[in-house]
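Shown next, in structure tokens, is the structure this report addresses.
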Amino acid sequence: MTELTLSKAIGSGLRRALSDDDRVVILGEDIGALGGVFRITDGLQRDFGADRVMDMPLAESGIIGMAVGLAYRGFRPVCEIQFDGFIYPAFDQIVAQVAKLHYRTRGAVRMPLTIRVPYGGGIGAVEHHSESPEAYFTHTSGLRVVTCSTPQDAHTMIRQAIACDDPVLFFEPKRRYWTKGEVDEEADFPMDAARVVVPGTDVTIVTYGPLVATAIDAAAAAADDGLSIEVIDLRSLSPLDLETVEASVRTTGRLVIAHEAQEFGGLGAEIATAITDRCFYHLEAAPARVAGFDVPYPASRLEEHFLPDLDRMLDAVDRVMGRENALSGWSAS
Amino acid sequence: MTELTLSKAIGSGLRRALSDDDRVVILGEDIGALGGVFRITDGLQRDFGADRVMDMPLAESGIIGMAVGLAYRGFRPVCEIQFDGFIYPAFDQIVAQVAKLHYRTRGAVRMPLTIRVPYGGGIGAVEHHSESPEAYFTHTSGLRVVTCSTPQDAHTMIRQAIACDDPVLFFEPKRRYWTKGEVDEEADFPMDAARVVVPGTDVTIVTYGPLVATAIDAAAAAADDGLSIEVIDLRSLSPLDLETVEASVRTTGRLVIAHEAQEFGGLGAEIATAITDRCFYHLEAAPARVAGFDVPYPASRLEEHFLPDLDRMLDAVDRVMGRENALSGWSAS
Amino acid sequence: MRTTLSDDSRTDDAVTDTPRRAELPELLMLLNPAGERVPNAEYEPFVADVTGDQLASLYEDLVVVRRLDVEATALQRQGELALWPPLLGQEAAQVGSARTLRPDDFVFSSYRENAVAYCRGVELPDLLRVWRGTAQSGWNPYEVGMATPSIVIGAQTLHAMGYAVGCLRDGVDSVAVAYFGDGATSEGDVNEAMIFAASFRAPMIFFCQNNQWAISEPVGLQAQRPIAERAPGFGIPSIRVDGNDVLAVMAATRQALERARAGEGPTFIEAVTYRMGPHTTSDDPSRYIDPLQREEWAAKDPLARVEAHLREIGVLTDELADSIAARADEIAGRFRQGCVDLADPRPLEVFDHVYAEPHRGIARQRSQYAAYLASIGEAQHEGEQR
Amino acid sequence: MRTTLSDDSRTDDAVTDTPRRAELPELLMLLNPAGERVPNAEYEPFVADVTGDQLASLYEDLVVVRRLDVEATALQRQGELALWPPLLGQEAAQVGSARTLRPDDFVFSSYRENAVAYCRGVELPDLLRVWRGTAQSGWNPYEVGMATPSIVIGAQTLHAMGYAVGCLRDGVDSVAVAYFGDGATSEGDVNEAMIFAASFRAPMIFFCQNNQWAISEPVGLQAQRPIAERAPGFGIPSIRVDGNDVLAVMAATRQALERARAGEGPTFIEAVTYRMGPHTTSDDPSRYIDPLQREEWAAKDPLARVEAHLREIGVLTDELADSIAARADEIAGRFRQGCVDLADPRPLEVFDHVYAEPHRGIARQRSQYAAYLASIGEAQHEGEQR
Ligand SMILES: Cc1ncc(C[n+]2csc(CCOP(=O)(O)OP(=O)(O)O)c2C)c(N)n1
Ligand SMILES: Cc1ncc(C[n+]2csc(CCOP(=O)(O)OP(=O)(O)O)c2C)c(N)n1
Ligand SMILES: [Mg+2]
Ligand SMILES: [Mg+2]
């Protein structure tokens, strides 16, 4: 067990993957000498060579398309997309090729790609550097989508993602890169199993990635208020571990879902719908969503008004509890 | 009033738009001499010239990016994407530029683009020619997304889309191109208003585009069975006319949502979640979805097993009615 | 705005010409339309070893793939296929290049390379699965060294590049070949593939069949200069070759393969040819093609010139011609039979192979749909062909 | 698999060379690092009208934009800006080209073109809104003829192309100018822009500032040949110019503008320069830059040579130099003040301008959030600056 930041935990996971399997190669912009703009790949090119840790020309479609070819040849490519907002030029290669090739070839060709994407806001960045595009990929059959909220999960899950024979989008909560925690390199758990972070009985908060920490704070604040909140960290966004959420909601009867991504058509809708279907007779209130507003990610001096925070989570808790809340008495125009 | 097929109704709408406003230009692959692979633009280049109806080099990002530049210069570009599955190379230009430029520039630059996309399956086509990618765009703030199910709507809405100062994704249900109906060129209605197609009191079926006809058939079949189904054609997928759906569900207490797109993270989840929120105490059952399965669109000889049809809709109706249905007694593993 | 020192303020207007560029070599041709060998000291050595018998074997392939192509079009007309993209006119470009590859080379193609697939050894019915709609791919790529064709224009060029870099990393001298059309050259992906291939010295061939059309769009809309002129700007040597000349195609391909195997990186080949048929069986070329242009190209037929040459050198006798025709008919017969015999997939196959590892979402939907099929009495379909 | 007539079967291995290509003209230089005019019969006429005073005015701009750049970096270090992308070293490339444009021309740039924006007349604080985080754009594009910079690399080149085609359709002789970096040339969009621009003869300039780096990646990773060599393959004339020579940049830009205005279509200019600072204030170039290389380039400073020349021809006196320095200081002072005065947006502005027309979803969320802010006692923030 060592204490690591979340970013270093990913780095050490990559390092392990490179040593454990010589078919693993890493592709990305500025990942070599610079070690990536977040230094996740720091030292890897030096230690594993430029043939395995490859700086890429500045073209995201090219990077993913190249990884497809490498996968065809039996490699396990790990691609870094520099920021969330720069994944779109690669969208066609991801949704029309990476996601579909195994299906298209009736299992003959495997696509064990991992696509790492630092994502989310709250870091005061300029446009395109704070987005949460996960729902585009969770809606894409053939992909797996995961994220992490602790150094332990970061380390274990990046290795699981790389070892997985399916393509995995690995979303890294960039504003939590500096979160510290113990990391046991030998730890293991199913990559698609959600984790009950805080047990509770009154309300279930389901979230993932950067907002797990916020939800834990919300649970603590609510506890002061006599409310018992269960916090679930999904880890896997596709597939969803609905069983864990269902079990919780059967107890609490109340569900709040939080994510940074825009609300409309976000993953929160899928969770709410699936859980309503499974727990219709257990729900005491309609599931509530706390999410980014349906606007493009705003300038950084406005981001606090876009991003769900503790107060907005607690307000949603009040809503599902039927307590006084911001919308009490509010009516749509 | 003239009787037209849905495809001709779009063509006549484009023709009107070109004559009414000389800032309207049409861009696409094979839209000139060929008139488009579906002949929607048949004769337009001949009548309006190659400066206004422009064949494009084979590059979708280029087409949309060019339209952005034309919009900057005050044009109203109408872009044709040849098939649903070929919109992804343009994804970055659509979600990072078209959708955001008005916001980015604080209203200084308008993006009155229309992006026409023949979409959906059921035509026995090869891969990439039968997809329903609308949820990627409904989850993208800054875009409007509409579709149509009748020649009248097709004609009126394509003109509304072009006249709209916001970017509009105009999804055309290609398997209904040959549907005939009366078209009144002077008809008008709000582009974002849903339409109650069949009134009913027992169950609400909400759908759009190609499945509206299927839902009408389902309502007729259910009527024989003594059930009164209300069918709502959404028309606008973003924003949603939730008021119309809400009003219906307040009466019926039962909601079925149908679309061809994959279920997981599809628009059905958004509708179910929003309506559960608004009608929690009116719902007699959890909303049911009838959608494409969470697999890539399959080979055409399997598409009948992917696409929602009348029987699957009726099965969902049975489910929300609490009647015997396919899943009675079924339990998840 | 800062005071403009605009060009308007200048009186002299010495607009100069486009920078001069060396003309690229002429179209490489080794066998002219009349069937005569065209001397070429530089490229002849690349095909000097092709015996008359080998040329006859190439000719047989040309005849067979044309026969198969015609048969497939007929199958489509008869409702046995949903669609077919004819390769009529492009036989030499495809056979000449494909027959030059080694088994361990790897092809990444588009939808029209059915003659390439045939030469790679794809089984006859496998050529048709996609077009009949029974599957989204016809063959196992690893068994024939040819990837599942890409329908998304240009996407496969990046895959070829990645595969080629993989060959480098593996220390083998296999080569990846990307086939694509003139229209494809406008897609960003194809250009990115050239940039990456040059940067990594990927052992690959960019094989562009310029058949003059991208559906209804003439090549002039995609390119103002001969397509082969692009590659050198990226640092990739290129050549324009008469795509209807099977020997020239072969020579150019061999040159490129040698370069790649020798560690000298990618080569771009523009095979200039003509799409003599419609884009696909759904197309109506009468809306956009000038019949005169088509006639001109008919005179440059890729089969006729080989036939003339083989007759001239005495290899092709009437007897051999008959036996080749008979063999083509026989193959076409098996092709047709293979087509109608292609079984429809079973309903639950819709859930197969979405993922390589178990997936709870798919497992659940699969069981639910099985229950649904059972409920509507379609259970008997399962486990047997429909 | 069909019998392979593979290249292995050949004995002779006549791998030929890369097709020969004409060398592009040397780097265009009209003023060398020592401040001496370099004779050039072809390009001198393009700047023959630039008087000593005009050159002094250009020099002033060079001094001012460098001063502003240094000031912005300082503002970032002091926490007043979140980020700044320095243009140190690229002053001549930006000022030389931008000062050559007419007000009705239209610029589509990337994030680093702050000197271009300054020359287009952007107000000082408007240069900083994005970097302070108070807005996602600084100015109204139509007021200065310059679009909101694109942070997504390369995307803006397509916009410039579309705008240029719009100019053609409108029958005006305005020109669109796309600025982008060496790294950007690898993106599909930039290549598609060249293809479309050539096809439509778009009156535009591709202005590539090759500053040798894309963050930590040297230009050699993106390009095996000089970047300017790519354009001719697309049918676009190109030129490599010393990007640190304000006169050479001007001459090349004027040539391109004339060509565009005369209906001759696009031109590609590669301005060869060097990024003397970090990529942005967040970057650590010590990890990848060889200090020797930087020193070499320091000797080619774009300001020093103009200064030397102006002194030589007697235009730049100590007095004038002092007054320019004073003016730069004064502007920098206003710049700084403008920065700290930039107001934060009001909370509900987060919902403004998502759509141009009313939108029920946004309207509802906006009201809900207003109610929420009121509930947590932040109502007073609304209607006033926070
Ligand atoms: C990304 C993408 N856009 C559009 C299409 C539709 N489409 C299919 S074939 C074709 C023309 C291709 O022309 P070319 O590359 O010259 O190949 P050819 O058909 O001539 O062999 C087009 C536009 C597609 N398949 N993929
Ligand atoms: C599509 C995209 N990918 C990645 C990035 C991240 N990024 C920002 S600047 C940059 C390097 C750009 O280099 P270049 O084009 O040479 O311009 P320069 O910074 O040198 O002016 C990168 C990779 C981005 N902004 N957009
Ligand atoms: Mg073609
Ligand atoms: Mg650069």
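Order of the sequence lines sets the chain letters (A, B, ...), proteins ahead of strands, with each chain counted from 1.
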Contacting moiety of [X], where chain C heavy atoms sit under 4.5 Å:
X        : answer
A/Ile64  : neither
A/Ala96  : side chain
A/Asp241 : both
A/Met54  : side chain
A/Phe75  : side chain
A/Asp55  : backbone

(message) Looking at every non-hydrogen atom in both residues, tell me the closest pair between A/Asp92 and C/Val152 and how far apart they are.
(response)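 For A/Asp92 versus C/Val152, the nearest heavy atoms are OD2-CG1, 3.4 Å.
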(message) Quick check: closest heavy atoms across C/Thr148 and A/Tyr72, and the distance to 0.1 Å?
(response)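 Heavy atoms of C/Thr148 and A/Tyr72 come nearest at N-OH, 3.3 Å.
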(message) At a heavy-atom distance under 4.5 Å, which candidate from C/Gly361, C/Ala160, C/Ala147, C/Ser199 has the highest pair count against chain A?
(response)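 Heavy-atom pairs under 4.5 Å are most numerous for C/Ala147.
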(request) Pick whichever of C/Ala356, C/Gly188, C/Ala193, C/Ala176 has the most heavy-atom pairs under 4.5 Å with chain A. (result)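 Maximum pair count with chain A is reached by C/Ala356.
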Expected output: side-chain [X] to main-chain [Y] donor-acceptor under 3.5 Å:
X        : Y        : answer
C/Tyr355 : A/Leu143 : yes
C/Tyr163 : A/Ala71  : no
A/Arg106 : C/Ser137 : yes
C/Arg360 : A/Asp192 : yes
C/His159 : A/Val68  : no

Sort [X] into side chain, backbone, both or neither according to what part of it lies under 4.5 angstrom from a heavy atom of chain A.
X        : result
C/Val190 : neither
C/Thr157 : neither
C/Asp189 : side chain

(message) With side chain to side chain contact (heavy atoms under 4.5 Å, CB included) as the criterion, how do C/His353 and A/Leu101 come out once you've worked through the C-alpha distance, each side chain's angles and the decisive distance to 0.1 Å?
(response) CA-CA 9 Å; C/His353 306 300; A/Leu101 265 159; over 6 Å; no
(request) Would you check, one step at a time, whether the test side chain to side chain contact (heavy atoms under 4.5 Å, CB included) holds for A/Thr105 with C/Gln136? (result) CA-CA 7 Å; A/Thr105 62; C/Gln136 279 179 338; over 6 Å; no
(request) Just give me the residue among A/Gly107, A/Gly142, A/Ala108, A/Pro112 that pairs up with chain C most often, heavy atom to heavy atom, under 4.5 Å. (result)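 Winner by heavy-atom pair count: A/Gly142.
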(request) Look at A/Ser141, A/Ala67, A/Cys164 and state which one has the largest set of heavy-atom pairs under 4.5 Å with chain C. (result)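 Max contact count across the listed options: A/Cys164.
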(message) Strictly below 4.0 Å, N to O, side chains only: are A/Arg144 and C/Glu357 in salt-bridge contact?
(response)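 Looking at A/Arg144 and C/Glu357, the cut-off is not met.
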